Amino acid sequence: MSDRKTPRPKARLPRGFRDRGAEEIARERAVVEKIRAVYESYGFEPLETPAFEYTDALGKFLPDTDRPNEGVFSLKDDDGQWLSLRYDLTAPLARYVAENFQNLPKPFRRYQVGQVWRNEKPGPGRYREFTQCDADTVGSNSPAADAELLMMLADTLDALGLKGQYAILINNRRVLDGIMDAAKIDASRKGTVLRALDKLDRLGVDGVRQLLGAGRKDESGDFTKGAELSENQIETVLTFPTRKSLAGIEIGAGGQAAYDELVSIRNIVDSTHGEGHIVLDPGVVRGLDYYTGLVFEAQLKFPVKNEKGEEVVFGSVAGGGRYDDLVSRFTGQQVPAVGFSIGVSRLLSALQERAPVALDPLVVVLALDDTARSFAMARELRGAGLRAEAYVGNRKFGDQLKYADKRGAAVAVIEGADERARGEVTLKDLALGAELSKSVESRAAWVKDRPAQISVKRGDLVAEVRKMLARH
RNA sequence: GCAGCUGUAGCUCAGUUGGUUAGAGCGCCGGAUUGUGGAUCCGGAGGUCGGUGGUUCGAGACCACCCAGCUGUACCA
């Protein structure tokens with residue numbers, strides 16, 4: 001170790017990114033397959049778009065040379081044009097629809113599963129790369145399209161084993177507008193009010209009341225300025241969210257029509273799916289600029305724990321709404337659209353302890369002194385549909401067993417010179433052995449007894465391995 | 001962005017009012033055991049004490065600034 005000119009790089013993940021291992025990948029695949037199956041059964045067709053888009057096609061965050069990566073990950077292409085990693089699947093959809101408008105059936109119903117990236121500060125359970133599972137209907141302003149998506153979301157959550165354990169909360173932005181008009185909130189404060197209402201689930205009524213009034217101090221002591229509404233205004237704005245009632249509030253013709261539409265959408269879903277899936281909830285706001293009518297979120301009714309085992313306010317596992325202006329950015333034509341997005345990673349962490357996914361058991365064939373024979377046995381086991389591998393390292397026998405143990409293998413297959421001479425193989429039940437080892441004190445006795453292993457005819461390899469696996 | 005807290009081995013952390021050569025547990029590697037996982041025992045590798053400057057005879061510790069991480073909050077498609 002002589003003079004090292006450059007210091008070693010530190011092995012570390014970029015902030016907000018994660019590695020994912022076998023178990024999580026298996027769980028995500030299983031979940032995504034269930035979601036896909038439901039979407040496809042509804043006739044939604046899959047679409048894939050690239051990770052990069054031209055930045056101006058994504059909208060909103062146009063990079064300038066000083067701050068090219070505000071909110072999104074951006075880079076400059078060879079020809080000087082800005083590219084960005086997509087931050088959702090909806091903006092690429094709008095681009096796709098605008099680009100292929102004449103060839104698409106209207107309504108165009110598609111789903112898309114993919115990673116999205118956001119260049120922002122990560123938080124607990126919040127990353128800069130995550131998977132979304134979107135379904136959208138473009139080209140229909142009918143409540144039928146809204147209702148269909150709500151049904152499909154309900155069926156999807158049912159298919160994931162969450163039947164009866166969630167509620168889809170729906171609201172309409174025009175109802176909120178009506179309420180704010182009734183409270184005589186001037187236009188400059190509406191944004192602040194909506195943002196405050198959006199935080200009901202996290203901050204509670206008292207926190208939101210502070211944000212609507214003078215302001216709120218967070219637990220670090222930092223102060224957030226409020227909307228400075230009067231007591232009366234605050235009461236009016238909070239009446240619907242807290243008492244779930246519009247009694248005594250005149251929300252105007254537009255607001256009333258939007259409210260009636262919400263009720264009719266709920267009734268459609270109730271008629272096909274039974275009551276209780278859809279709940280009118282005025283606390284649902286979902287952002288500011290994007291949605292134009294219906295907004296909704298799916299919330300889990302059961303408590304969710306974080307990595308430390310603490311119960312957390314979980315928020316929504318899926319959300320969406322109606323956005324009627326997205327395609328017009330490209331074409332100038334209003335194209336009504338409605339859609340939702342399932343946050344697959346969030347859903348997975350919520351599902352973790354409730355619906356574990358079991359991996360197929362693994363068989364490891366140890367390679368004592370004849371690699372070719374080990375490979376042949378592993379191949380034979382694979383041919384029988386088992387997950388099997390031959391040891392490809394170069395360590396001694398004891399270490400090979402340690403390896404099998406660490407892999408979580410269920411069975412080890414051993415064929416050394418002794419076994420071969422007898423035309424047999426030794427099968428070791430690693431799971432059973434791990435259990436037995438708890439009561440063994442001395443290594444000598446453990447080695448001598450060789451628990452949980454049997455010798456079988458080489459020709460019966462597959463059948464005997466199957467028999468051993470069947471015990472668990 | 002704002003605020004609070006925290007930075008010592010791969011990980012989790014200890015390190016007395018500032019005092020010699022910076023420690024522990026876990027993990028890793030080797031051995032006890034040329035063919036048997038766990039536990040145990042023995043040995044080993046692994047550190048610019050986040051960085052820079054300052055105070056001091058002396059700084060991992062004290063001060064200033066910077067950087068990074070975590071948490072909350074703001075913004076958020």
Side-chain angles (χ1 to χ4, degrees), chain A residues 1 4 7-8 10-16 53 58-61 67 70-72 84-94 116-126 132 134 191-192 195-196 198-199 202-203 207 210-211 215-226 285-291 306 308 319-321 323 326 329 339 341 364 366-369 395-409 411-412 414-420 426 428-453:
Chain A
M1 221 17 80
R4 203 163 42 229
R8 290 196 189 96
K10 193 168 167 62
R12 63 199 182 120
L13 273 171
R15 193 167 65 116
E53 295 279 349
L58 289 178
K60 281 210 93 153
F61 296 94
R67 311 179 71 192
E70 181 76 7
V72 298
S84 295
L85 283 174
R86 65 189 180 202
Y87 53 77
D88 70 10
L89 299 175
T90 311
L93 171 67
V116 302
W117 296 268
R118 296 184 185 178
N119 187 9
E120 60 192 6
K121 196 188 114 176
R126 217 181 143 167
Q132 289 195 331
D134 280 32
T192 312
R195 280 192 286 267
D198 204 18
K199 296 176 175 66
R202 193 155 46 83
L203 303 180
Q210 287 165 18
L211 283 176
R216 175 177 179 274
K217 222 184 243 183
D218 73 30
E219 57 187 68
S220 72
D222 191 31
F223 183 75
T224 306
K225 197 170 180 302
V285 180
R286 297 197 66 77
L288 289 184
D289 301 327
Y290 187 75
Y291 293 113
N306 64 11
K308 294 175 195 150
Y323 51 98
L326 229 52
R329 272 202 15 252
S341 177
V364 174
L366 304 189
L368 274 76
D369 46 20
R395 320 270 315 247
K396 63 186 184 183
F397 183 54
D399 290 324
Q400 295 193 24
L401 269 175
K402 282 183 187 163
Y403 167 84
D405 191 42
K406 207 159 225 176
R407 290 295 324 268
V411 174
I414 303 161
E415 192 210 45
D418 299 351
E419 286 90 350
R420 197 171 308 137
T426 296
K428 199 169 177 66
D429 188 332
L430 295 173
L432 179 59
E435 202 51 43
L436 294 176
S437 74
K438 285 175 189 160
S439 56
V440 174
E441 259 126 61
S442 93
R443 183 193 145 71
W446 170 248
V447 171
K448 181 162 163 286
D449 291 349
R450 294 184 180 173
Q453 71 182 53

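This one's a predicted model, so the numbers in the text were calculated from it and none came from an experiment. Protein chains get the first letters and strands the later ones, always in sequence-line order, with residue 1 at the start of each.
Which of rA3(B), rG30(B), rA74(B) sits closest to the side chain of D222(A) comes down to rA3(B). Distance from the side chain of L401(A) is smallest for rG37(B) among the nucleotides rC29(B), rA3(B), rG37(B).
Pair check for rG1(B) finds rU73(B); Watson-Crick or G-U wobble, both atom distances under 3.5 Å. Pair assignment for rC41(B) gives rG31(B), based on Watson-Crick or G-U wobble hydrogen-bonding distances that are each under 3.5 Å. Pair assignment for rC13(B): rG23(B), on the basis of Watson-Crick or G-U wobble contacts that are both within less than 3.5 Å. rU52(B) is paired with rA64(B) under the Watson-Crick or G-U wobble criterion, all donor-acceptor distances under 3.5 Å.
For the pair K402(A) (side chain) and G398(A) (backbone), a donor-acceptor distance under 3.5 Å is absent.
The side chain of R195(A) places an N or O atom within less than 4.0 Å of a non-bridging phosphate oxygen (OP1 or OP2) of rC76(B). One finds no side-chain N or O of R216(A) lying less than 4.0 angstrom from the OP1 or OP2 phosphate oxygen of rA3(B). Note on R202(A): a side-chain N or O is less than 4.0 Å away from OP1 or OP2 of rA74(B).
The residue L366(A) sits apart from the nucleic acid: no heavy atom pair falls under 4.0 Å. Within the 4.0 angstrom heavy-atom criterion, no nucleotide atom of any strand lies near A404(A). Residue E120(A) is classed as a base contact, given a heavy-atom separation below 4.0 Å to a base. Using a 4.0 Å heavy-atom criterion, one finds that K406(A) contacts the sugar-phosphate atoms exclusively.
For the P atoms, the distance linking rC42(B) with rG25(B) amounts to 10 Å, nearest Å. Comparing the same atom, C1', in rU48(B) and in rA59(B) gives a spacing of 16 Å after rounding to whole Å. Taking atom C1' in both rC28(B) and rG10(B), the straight-line distance is 8 Å, to the nearest Å. Between rG15(B) and rG1(B), the two C1' atoms lie 37 Å apart (nearest whole Å). Nucleotides rC67(B) and rC75(B), compared at atom C1', are 24 Å apart to the nearest Å. As rounded to the nearest Å, rU20(B) and rG35(B) have P atoms that lie 47 Å from one another. rC66(B) and rG60(B) are spaced 23 Å apart, taking the P atom of each and rounding to whole Å. Taking atom C1' in both rG44(B) and rC2(B), the straight-line distance is 49 Å, to the nearest Å.
Along RNA chain B, the nucleotide nearest to E419(A) and the one nearest to L203(A) differ in position, and the one closer to the 5' end is contacted by E419(A). RNA chain B is contacted by both R126(A) and T426(A); T426(A) maps to the nucleotide lying nearer its 5′ end (nearest heavy atom per residue).
You'll find the side chain of R118(A) reaches within 4.5 Å of the side chain of D88(A), heavy atoms only. Counting heavy atoms from C-beta on, the side chains of K121(A) and R126(A) never come closer than 4.5 Å. Looking at heavy atoms from C-beta onward, D218(A) lies out of side-chain contact with T224(A) at the 4.5 angstrom threshold. Side-chain contact check for Y87(A) versus N119(A): every heavy-atom pair is 4.5 Å or farther apart. I414(A) places a side-chain heavy atom less than 4.5 Å from the side chain of F397(A). Contact of the Q210(A) side chain with the L203(A) side chain is not registered, since no non-hydrogen atoms from C-beta on lie closer than 4.5 Å.
You won't find any donor-acceptor pair under 3.5 Å spanning the side chain of K199(A) and the base of rU73(B), going by distance alone. For R118(A) and rA77(B), a side-chain-to-base donor-acceptor distance below 3.5 Å is present, hydrogens and geometry of angles not being considered. K121(A) contributes a side-chain N or O that forms a donor-acceptor pair with the base of rU71(B) under 3.5 Å. Below the 3.5 angstrom threshold, one finds a donor paired with an acceptor across the side chain of Q453(A) and the base of rU36(B).
Taking 4.0 Å as the cut-off between side-chain N and carboxylate O, R86(A) and E53(A) do not count as a salt-bridged pair.
Following rounding to the nearest Å, K428(A) (NZ) and rG38(B) (C1') show an atom-to-atom distance of 11 Å. Between Q400(A) atom CD and rU33(B) atom C1' the separation is 15 Å, expressed in whole Å. Rounded to whole Å, the distance from CG on L211(A) to C1' on rC75(B) is 13 Å. Computed from coordinates, the D418(A) CG to rU36(B) P distance equals 11 Å when rounded to whole Å. Atom NZ of K217(A) and atom P of rG4(B) are 12 Å apart (whole Å). Between the CG atom of D218(A) and the P atom of rA3(B) there is a distance of 11 Å, rounded to whole Å. Separating the CZ atom of R15(A) from the P atom of rC70(B) is a distance of 7 Å, rounded to the nearest angstrom. Rounded to an integer number of Å, the gap from NZ of K225(A) to P of rC75(B) is 13 Å.
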